[in-house]
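Take a look at the structure set out below.
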Amino acid sequence: MAAAVAAAAAAASLSRYNNNNNNNNNSSSTSATQNHQNHHQLGLVVPPVMSRYESQKRRDWNTFGQYLKNHRPPLTLSRCSGAHVLEFLRYLDQFGKTKVHTEHCPFFGHPNPPAPCPCPLKQAWGSLDALIGRLRAAFEENGGQPETNPFGVRAVRLYLREVRDAQAKARGIGYDKKKRTRKPHVTPDSEACGSTSI
């Protein structure tokens, strides 16, 4: 009980401190570094703000860790293989929101079907591809070796390619790789040759 009262008092004190500090400041906004310094003076530790990518990567890593714990039999990360990653990706399909028409569906290959159909909802290829990229990075950031990364094995890459192709056919949407346009390479010699005057 005393700890809760102390925590509430500290929060109220911090709130009063910030309000007084903001009232004394002539500008309408306080910079993030000034807030960080103020919190540091009070002895509070303010964690750095993570980017959207970093926070999503952390959530994905925690989700995969929970999946391994709930796996029967439970798995440790060191015993996780590409087969377990594929199992995880198939498990995620139940939470998908992308309609993927079967070959027997009359809307197979139509990007905008005119009526509803009973075809399953699955994870979109782009979502799975981004997820694997984040998990691959998280694995190495958490001490895993690139050579043993189960998210980078050939079987996972092939599975993602199969999903991409199957969804492209089923939805009538092509996934063309964007080609980079290359600028013509100009060398100093070619400039000199082209600008000579007689």
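Values in this document were obtained by computation on a predicted structure and should not be read as measured data.
The shortest distance between side-chain heavy atoms of Phe139 and Leu77 falls below 4.5 Å. When side chains are defined from C-beta on, Leu68 does not count as touching Thr76, because their heavy atoms never get closer than 4.5 Å. In this structure, Val85 and Leu135 have side chains that are not in contact, with every pair of non-hydrogen atoms separated by 4.5 Å or more.
Only one option out of Leu128, Leu131, Asp165 pairs with Leu160 in a side-chain contact (heavy atoms from CB on, under 4.5 Å); it is Leu128.
In this structure Ser51 satisfies the side-chain contact (heavy atoms from CB on, under 4.5 Å) test together with Tyr53, Glu54, sequence neighbours excluded. Checked against side-chain hydrogen bond (donor to acceptor under 3.5 Å, both in side chains), Arg161 has no partners two or more places apart in sequence or in another chain. Listed by chain and residue number, Arg154 satisfy the side-chain contact (heavy atoms from CB on, under 4.5 Å) test with Arg157 (two or more places apart in sequence, or in another chain).
Ring-plane geometry between Phe88 and Phe64 is classed as perpendicular, the angle between the planes exceeding 60 degrees on a 0 to 90 degree scale with a lower cut at 30.
Smallest separation of non-hydrogen atoms from Leu86 and Val156: CD2-CA, 3.9 Å. Closest approach of His84 to Tyr67, counting heavy atoms only: O-CE2, 4.2 Å.
Using modelled atom types, no side-chain atom of Lys99 and backbone atom of Pro116 make a donor-acceptor pair closer than 3.5 Å.
Rounding to the nearest 0.5 Å places OG1 of Thr63 at 8.5 Å from CG of Leu92. Ile132 CD1 to Leu89 CG: the interatomic distance, rounded to the nearest 0.5 Å, is 4.5 Å. Note that CD of Gln167 and OG1 of Thr98 are 6.0 Å apart. Values are rounded to the nearest 0.5 Å.
Applying the salt bridge (charged side-chain N to carboxylate O under 4.0 Å, His left out) test to every pair with at least one member in residues 71-95, sequence neighbours left out, gives no pairs at all. Sorted by first and then second residue, the side-chain hydrogen bond (donor to acceptor under 3.5 Å, both in side chains) pairs involving residues 111-123 (not counting sequence neighbours) form an empty list. Residue pairs satisfying the side-chain hydrogen bond (donor to acceptor under 3.5 Å, both in side chains) criterion with at least one member in residues 126-152, sequence neighbours excluded, are listed as follows: Lys57-Glu141, Asp60-Arg134, Glu140-Asn149.
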Can I get a per-line list of side-chain donor-acceptor pairs under 3.5 Å for residues 101-111, giving both atom names and the distance, sequence neighbours left out?
none

